[in-house]
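Naming convention: chains lettered A, B, ... in sequence-line order (proteins, then strands); numbering from 1 in each chain. Being a predicted model, the structure only gives us computed values, none of them experimental.
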2 protein chains.
Amino acid sequence: MKDFSVRDQVQQAAVELFATKGYANTSVQEVVEAAGVTKGAMYHYYRSKDDLLFGIYERLLTLQQEHLDEIIGRGMPVAETLRAACVDVIETSIEYLPEGTVFFRSMHMLSPDRHDEVVRRRRRYNDDFVALIERGQSEGVFRTDIPRAVLMAHFFSDIHYLSQWYNPSGPESGTEVAEQITELFLDSLTTGVTS
Amino acid sequence: MKDFSVRDQVQQAAVELFATKGYANTSVQEVVEAAGVTKGAMYHYYRSKDDLLFGIYERLLTLQQEHLDEIIGRGMPVAETLRAACVDVIETSIEYLPEGTVFFRSMHMLSPDRHDEVVRRRRRYNDDFVALIERGQSEGVFRTDIPRAVLMAHFFSDIHYLSQWYNPSGPESGTEVAEQITELFLDSLTTGVTS
DNA sequence: CGCAAAAAACCGACCGCTCGGTATGTTAGC
DNA sequence: GCTAACATACCGAGCGGTCGGTTTTTTGCG
């Protein structure tokens, strides 16, 4: 019976270390020691340190895009869809808080092509969200006096910032915070709209 | 007539390079070449690469704290004070966009004591803002159904995120964006409050 | 099943190189 | 001639990555 795959052990240790010490300040040696394996073993599964880093991005990008696709696929009214999407992405980001820290802090450490792929996939995710806002605007439920880019940035900024302030062992659960932030965003998004 | 001080030239080049390539990926050699000086000159003015980085933090922290103190010192009504403070910090952050990029991305590259000082001073800045919200709540002009920590994070996230999306050569001026974001924040902050 | 051959997993000493930092000049103004 | 302001040559720690080899697991065949 297989314990835990070396691949996963290494990635887990890497996420933890990269999040606390930073990618550049973490040597491959430290990662493999934390994972309880050797350098040889790690380089058997990963071609480079960069590979290891990209794996973290890959995982988060795939997960969140899948979630978003599923929520949009439900075919609910646009306001409910957006609310569900917002709550979900915040909850997920809290669940993967160390990954988020690395994600937003270490993008420029990726090799150029990897970096481009992350930007591409992130943009697609962003565009899917913007499309929701656009729909809501044309249906008259969201305000139109502020550029969509600003509205979108206003929300994504919350995701970005989560790993900087949220404390999982604090008094508030992830779900609570997710709903509070979503509430704030939707309140500002619907201000001035006559219902 | 003194051209531009070597100190400033070096810091300027450093900010630019740290923002685009990242602190860890920028060698001291590259910095001094971009600044048009030599390594010897740089190490005459800075004790270490860390010193150079800290200088960027020092500058931004001092500037923003001074601005905030000044605005609070005007003694306006709390809602107006908060609005002015929000607009100002966004405008300033846009003016110092590369500094902001470095600020939020490279904090963990600072030496532990420097890191602690930045956290300390940042916390003071944060607390000054929270005090404004608290005042507004006790005066009944801001909502009280969401924890202050969440409200505050919701705004600071916008500052954080600015360098990730705002394009100074785009169609919107810094002031416009500053007012739009502030509007969104204040709208969400005053939702549900009977005026 | 038995067992050898092949493949996958893993080890760890080692290497080339980069980079922050220093030591030792050299120049110019007072 | 003394100090501040640089320039140049150099150092060595630490890093990512490699590579020859060993152990463990899987496969194939009688």
Side-chain angles (χ1 to χ4, degrees), chain A residues 1-58 102 105-115, chain B residues 1-58 102 105-115:
Chain A
M1 185 178 64
K2 177 156 249 180
D3 197 8
F4 272 110
S5 83
V6 171
R7 254 198 97 89
D8 294 351
Q9 273 174 259
V10 171
Q11 182 165 43
Q12 200 50 44
V15 167
E16 228 69 56
L17 285 170
F18 292 170
T20 52
K21 304 188 35 172
Y23 176 79
N25 287 330
T26 307
S27 68
V28 172
Q29 194 59 45
E30 288 176 293
V31 173
V32 299
E33 270 166 25
V37 302
T38 63
K39 221 167 161 182
M42 189 231 120
Y43 273 99
H44 181 72
Y45 291 102
Y46 297 94
R47 298 166 132 215
S48 63
K49 193 186 177 188
D50 184 82
D51 236 46
L52 193 50
L53 180 61
F54 182 70
I56 300 169
Y57 284 85
E58 163 73 25
V102 176
R105 192 203 272 153
S106 308
M107 214 172 289
H108 59 293
M109 304 302 273
L110 287 167
S111 68
D113 49 339
R114 251 78 186 274
H115 180 270
Chain B
M1 183 180 66
K2 177 157 247 181
D3 197 6
F4 272 111
S5 82
V6 171
R7 252 198 98 89
D8 294 351
Q9 274 174 259
V10 170
Q11 183 166 44
Q12 201 50 45
V15 168
E16 228 67 57
L17 284 170
F18 292 170
T20 52
K21 305 187 34 170
Y23 177 77
N25 288 329
T26 306
S27 67
V28 172
Q29 194 59 43
E30 288 175 294
V31 173
V32 298
E33 270 167 25
V37 302
T38 62
K39 222 164 151 184
M42 188 228 121
Y43 273 99
H44 181 71
Y45 292 101
Y46 297 94
R47 301 168 125 216
S48 62
K49 192 186 178 188
D50 185 80
D51 236 45
L52 192 51
L53 180 61
F54 182 70
I56 299 169
Y57 284 86
E58 163 73 23
V102 176
R105 194 202 270 154
S106 308
M107 213 171 291
H108 59 293
M109 305 303 272
L110 287 166
S111 69
D113 50 339
R114 250 79 185 274
H115 181 270

Shorter than 3.5 Å, N or O on both sides, protein versus nucleotides 28-30 of chain C: list them out with atom names.
none

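- Across the protein-nucleic acid pair, B:K21 atom NZ and C:dC19 atom C1' stand 12 Å apart, rounded to whole Å.
- Counting heavy atoms from C-beta outward, A:V6 and A:Y45 have side chains that approach closer than 4.5 Å.
- A 4.5 Å side-chain heavy-atom check between B:V32 and B:V37 finds at least one atom pair inside the cut-off.
- Here the NZ-CE distance, from A:K21 to B:M109, works out to 10.5 Å after rounding to the nearest 0.5 Å.
- One interatomic measurement links the two molecules: CZ of A:R7 to P of C:dA8, which rounds to 15 Å at whole-angstrom precision.
- Between the side chain of B:Y46 and the backbone N or O of B:R7, at least one donor-acceptor pair lies under 3.5 Å.
- The backbone N or O of A:M107 sits less than 3.5 Å from a side-chain atom of A:Y57, completing a donor-acceptor pair.
- The side chain of A:Y45 contributes an N or O atom lying less than 4.0 Å from OP1 or OP2 of C:dC10.
- Rounded to whole Å, atom P of C:dC19 lies 15 Å from atom CG of A:N25.
- Spacing between atom OH of B:Y46 and atom C1' of D:dA5 amounts to 15 Å, rounded to whole angstrom units.
- We find that CE of A:M42 is positioned 15 Å from C1' of C:dA9, with the value rounded to whole Å.
- Between the CZ atom of B:F54 and the C1' atom of C:dG20 there is a distance of 20 Å, rounded to whole Å.
- The interatomic distance linking B:Q9 (CD) with D:dA5 (P) rounds to 15 Å, in whole Å.
- Residue pairs meeting the salt bridge (Lys or Arg N to Asp or Glu O under 4.0 Å) criterion with at least one partner in residues 38-50 of chain B, sequence neighbours excluded, are B:D50-B:R114.
- In this entry the distance linking NE2 of B:H44 with C1' of C:dG21 reads 16 Å, nearest Å.
- With contacts defined as side-chain heavy-atom distances shorter than 4.5 Å, the pair A:L110/A:F54 qualifies.
- Looking at A:M42 and A:V31, their side chains never come closer than 4.5 Å, going by heavy atoms from C-beta outward.
- Taking all atoms of both residues into account, the shortest heavy-atom contact from B:R105 to B:H108 is O-CE1, 3.0 Å.
- In this structure, the nucleotide among C:dC11, C:dC19, D:dG16 sitting nearest to the side chain of A:T38 is C:dC11.
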Sub-3.5 Å pairs of nitrogen or oxygen atoms, protein against nucleotides 17-23 of chain D:
from   : atom 1 : to    : atom 2 : distance (Å)
D:dG17 : OP2    : A:Y43 : OH     : 2.8
D:dG17 : OP2    : A:K49 : N      : 2.7
D:dG17 : N7     : A:K39 : NZ     : 3.1
D:dG17 : O6     : A:K39 : NZ     : 2.5

